[in-house]
Amino acid sequence: MAVNSGQAGSGDSGGEREQLSQKERIEHRQRDISEAIDDLENTAPNEQVEALAELLRQMDIELKRLEARNRQLTSRLKKVEAVNGLTGTEITFSDTSILDHRDEKVVKAIVADELEMVTLADLQELYRNHTDIRDRETLRSRIKDLTRRGPFEHEQSGMQSSVWRFTGLADSSNNSW
């Protein structure tokens with residue numbers, strides 16, 4: 001019925017390889033469960049077993065949906081922890097004197113998300129997600145100030161939006177700019 005999916009991949013002990021290995025194990029296990037349900041459906045001797053197989057199929061679908069959501073939330077949590085310094089791996093900069101503390105949170109989020117190009121909509125979302133700024137005029141003022149004084153080069157102006165290149169990643173060895 002099932003292959004033993006609980007074994008790790010190659011002997012590589014790197015964190016990224018472990019994550020991949022864990023993801024692969026989960027996917028293998030989910031595939032094993034789906035195949036077992038298929039076998040049960042195909043060999044169902046009566047209506048009760050068919051009903052059970054249908055219920056198991058629904059549970060399998062929900063389990064896969066929840067696992068995908070878990071991956072999304074885990075990824076997002078790692079970014080938020082990096083921006084806010086909750087894991088001891090906070091993104092730091094050598095010179096933050098030109099930044100307001102709210103601007104610094106936005107720049108850290110850009111670094112955590114590994115963004116190179118940002119639009120006006122991106123910056124608005126980052127300010128709303130990582131700061132207490134909600135007022136439209138304050139938001140506009142902060143974005144204007146950040147893009148003029150911060151680590152950005154203006155790339156393109158359009159009817160609806162502008163695009164900036166984030167230049168703070170040039171010295172990624174110590175996350176300073």
Side-chain angles (χ1 to χ4, degrees), residues 12-27 29-30 33 57-177:
D12 193 330
S13 63
E16 188 174 314
R17 179 63 191 144
E18 277 183 28
Q19 273 302 91
L20 260 180
S21 177
Q22 180 182 8
K23 181 181 176 185
E24 290 171 351
R25 285 193 311 270
I26 289 169
E27 288 172 352
R29 187 66 185 138
Q30 288 175 342
I33 291 169
R57 174 73 59 211
Q58 291 172 3
M59 291 171 62
D60 182 44
I61 290 168
E62 182 66 7
L63 177 64
K64 288 175 182 171
R65 186 191 68 76
L66 290 171
E67 180 57 37
R69 180 71 176 143
N70 183 39
R71 285 185 198 141
Q72 289 175 332
L73 292 173
T74 299
S75 173
R76 180 71 184 132
L77 178 61
K78 285 180 183 179
K79 289 177 184 177
V80 169
E81 287 174 340
V83 169
N84 294 306
L86 300 176
T87 62
T89 58
E90 180 179 12
I91 299 166
T92 58
F93 301 100
S94 61
D95 183 13
T96 59
S97 61
I98 63 168
L99 293 178
D100 174 272
H101 68 93
R102 297 166 295 186
D103 298 339
E104 186 177 344
K105 289 281 188 189
V106 170
V107 170
K108 287 179 179 182
I110 290 169
V111 172
D113 289 343
E114 299 177 357
L115 299 174
E116 183 178 341
M117 304 295 277
V118 292
T119 65
L120 179 59
D122 294 334
L123 290 171
Q124 290 170 339
E125 182 179 345
L126 289 167
Y127 270 101
R128 287 187 180 115
N129 289 341
H130 296 283
T131 70
D132 60 350
I133 297 174
R134 299 295 178 266
D135 180 68
R136 191 178 204 152
E137 286 304 311
T138 305
L139 184 61
R140 182 178 173 156
S141 171
R142 295 298 338 137
I143 291 172
K144 192 178 281 190
D145 189 53
L146 177 65
T147 56
R148 284 187 182 154
R149 297 182 338 138
F152 294 92
E153 290 178 7
H154 194 257
E155 286 288 317
Q156 168 186 341
S157 290
M159 294 286 283
Q160 297 293 324
S161 185
S162 292
V163 177
W164 293 271
R165 178 179 305 279
F166 178 66
T167 59
L169 297 177
D171 181 15
S172 61
S173 62
N174 63 3
N175 289 330
S176 65
W177 41 273

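For reference, positions follow the sequence shown, starting with 1. No hydrogens, no waters, no symmetry mates; every other heavy atom, side chains included, goes into these values. Please read these numbers as outputs of a predicted model, since none were measured by experiment.
Note that CG of Leu126 is 9.5 Å distant from OG1 of Thr131, once rounded to the nearest 0.5 Å. Between the CZ atom of Arg69 and the OG1 atom of Thr74 there is a distance of 10.0 Å, given to the nearest 0.5 Å.
Residues Arg142 and Tyr127 have side chains in contact (heavy-atom distance under 4.5 Å, counting atoms from C-beta outward). The closest side-chain heavy-atom distance from Arg71 to Leu66 is not below 4.5 Å. Taking 4.5 Å as the limit, some side-chain heavy atom of His154 sits within range of a side-chain heavy atom of Ser162. Proximity of Asp100 to Asp145: side-chain heavy atoms (C-beta onward) are nowhere separated by under 4.5 Å. Considering only heavy atoms from C-beta on, Leu139 comes within 4.5 Å of Ile143 through its side chain. At least one side-chain heavy atom of Lys64 sits under 4.5 Å from a side-chain heavy atom of Asp60. Looking at heavy atoms from C-beta onward, Phe166 lies in side-chain contact with Val107 at the 4.5 angstrom threshold. Residues Glu155 and Glu153 have side chains in contact (heavy-atom distance under 4.5 Å, counting atoms from C-beta outward).
At distances below 3.5 Å, not a single donor-acceptor pair connects side-chain atoms of Asn70 with backbone N or O atoms of Glu67. Remark: the backbone N or O of Glu137 is paired with a side-chain donor or acceptor of Asp135 at under 3.5 angstrom. Thr119 places no side-chain N or O within 3.5 Å of a backbone atom of Val163 that could act as its donor or acceptor partner. Under the 3.5 Å distance criterion, the side-chain polar atoms of Thr147 are matched with a main-chain donor or acceptor of Lys144.
Between Glu125 and Arg128 no salt bridge is recorded (no basic side-chain N to carboxylate O distance below 4.0 Å).
No more than 12 heavy-atom neighbours from other residues, nucleotides or ligands sit within 6.0 angstrom of CZ on Arg148. Other residues, nucleotides and ligands contribute over 12 non-hydrogen atoms within 6.0 Å of the CZ atom of Arg76.
Shown here for Asp122 and Met117, the closest heavy-atom pair between the two residues is OD2-O, 4.1 Å.
Under the side-chain hydrogen bond (donor to acceptor under 3.5 Å, both in side chains) test applied with Ser21, the options Glu24, Arg25, Lys23 reduce to a single match, Arg25.
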So Phe152 and Leu146, side-chain contact (heavy atoms from CB on, under 4.5 Å) or not? Walk me through it.
CA-CA 8 Å; Phe152 294 92; Leu146 177 65; 3.6 Å; yes

